[in-house]
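Please read the structure below before turning to the comments.
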Amino acid sequence: MKKVFCAAVGAIGGAVSSLLGGWDAAAVTLLIFMAADYVSGLVVAGVFHASPKSGGGALESRAGFKGLCRKGMIVLIVLIAARLDLLLGTGYIRDGVIVGFCANELLSIVENAGLMGLPLPAAVTGAVDVLSGKGEDGGSHE
């Protein structure tokens, strides 16, 4: 029974990996960033009660489920990008999508670190503000 289960998990994992364009450094990095973002969000809400995504800043199952749905959508978009690469005979669409999502996840991880009270250098907080559209003009980028 154990061998059948391991074989089934391996087959499913291989199929998913193939659909996503392979299991390479980009895919592993995105997965690590997504996990780090989710866990740091849980810590912000569960330990520090400072989450902007829930009413009182504490853990909320609905907010957590929304976060998992967003992560699932990221995986779906990577799948679509991988299929576009195959269709067009290119090799950069999936990688570009993954790099973009990695940047977004990294931004969220840094924001979570700030919500935990971690002292961040001014250059990092300035970069976060610029990337999240909260520049010196109060976020009114038109």
Worksheet item: Which residues, ordered by chain and number, are linked to Phe65 in its hydrophobic cluster, where ILVMFWY side chains connect at heavy-atom gaps below 4.5 Å, directly or through other members?
Response: none
Discussion item. Side-chain heavy atoms under 4.5 Å apart, restricted to Ile/Leu/Val/Met/Phe/Trp/Tyr: what other residues fall into the cluster of Met1, or is it alone?
Written reply: none
Worksheet entry | Audit row: Leu30, Ile74, side chain to side chain contact (heavy atoms under 4.5 Å, CB included) steps and yes/no | CA-CA 10 Å; Leu30 179 60; Ile74 289 172; 4.0 Å; yes
Donor-acceptor contacts under 3.5 Å from residues 52-62 side chains, at least two apart:
from: Ser54; atom 1: OG; to: Gly57; atom 2: N; distance (Å): 3.3
from: Ser54; atom 1: OG; to: Ala58; atom 2: N; distance (Å): 3.2
from: Ser54; atom 1: OG; to: Ala58; atom 2: O; distance (Å): 2.6

Worksheet item: In chain order, what residues pass the salt bridge (charged side-chain N to carboxylate O under 4.0 Å, His left out) check against Asp95, with sequence neighbours excluded?
Response: none
Item to complete: Determine which pairs satisfy salt bridge (charged side-chain N to carboxylate O under 4.0 Å, His left out) with at least one residue from residues 2-13, sequence neighbours left out, and list them in order.
Response: none
Worksheet entry | Where at least one partner belongs to residues 7-19, residue pairs that pass salt bridge (charged side-chain N to carboxylate O under 4.0 Å, His left out), sequence neighbours excluded | none
Worksheet entry | For Ser51, all residues meeting side chain to side chain donor-acceptor pair (under 3.5 Å), sequence neighbours excluded | none
Worksheet item: Partners of Glu105 by side chain to side chain donor-acceptor pair (under 3.5 Å), sequence neighbours excluded?
Response: Lys71
Partners passing side-chain contact (heavy atoms from CB on, under 4.5 Å) against [X] (at least two apart in sequence or in another chain):
{"X": "Ser17", "value": "Trp23"}
{"X": "Leu118", "value": "Ala113, Leu120"}
{"X": "Val99", "value": "none"}

Worksheet item: Below 4.5 Å, heavy atoms only, C-beta onward: do Ser40 and Glu111 meet side chain to side chain?
Response: no
Fill in: Flag, side chain of Ser18 to backbone of Gly14, donor-acceptor distance under 3.5 Å
no
Validation: residues 75-87 side-chain donor-acceptor distances under 3.5 Å, sequence neighbours left out:
from: Asp85; atom 1: OD1; to: Thr90; atom 2: OG1; distance (Å): 2.5
from: Asp85; atom 1: OD1; to: Tyr92; atom 2: N; distance (Å): 3.4
from: Asp85; atom 1: OD1; to: Ile93; atom 2: N; distance (Å): 3.0
from: Asp85; atom 1: OD2; to: Ile93; atom 2: N; distance (Å): 3.4
from: Asp85; atom 1: OD2; to: Arg94; atom 2: N; distance (Å): 3.0

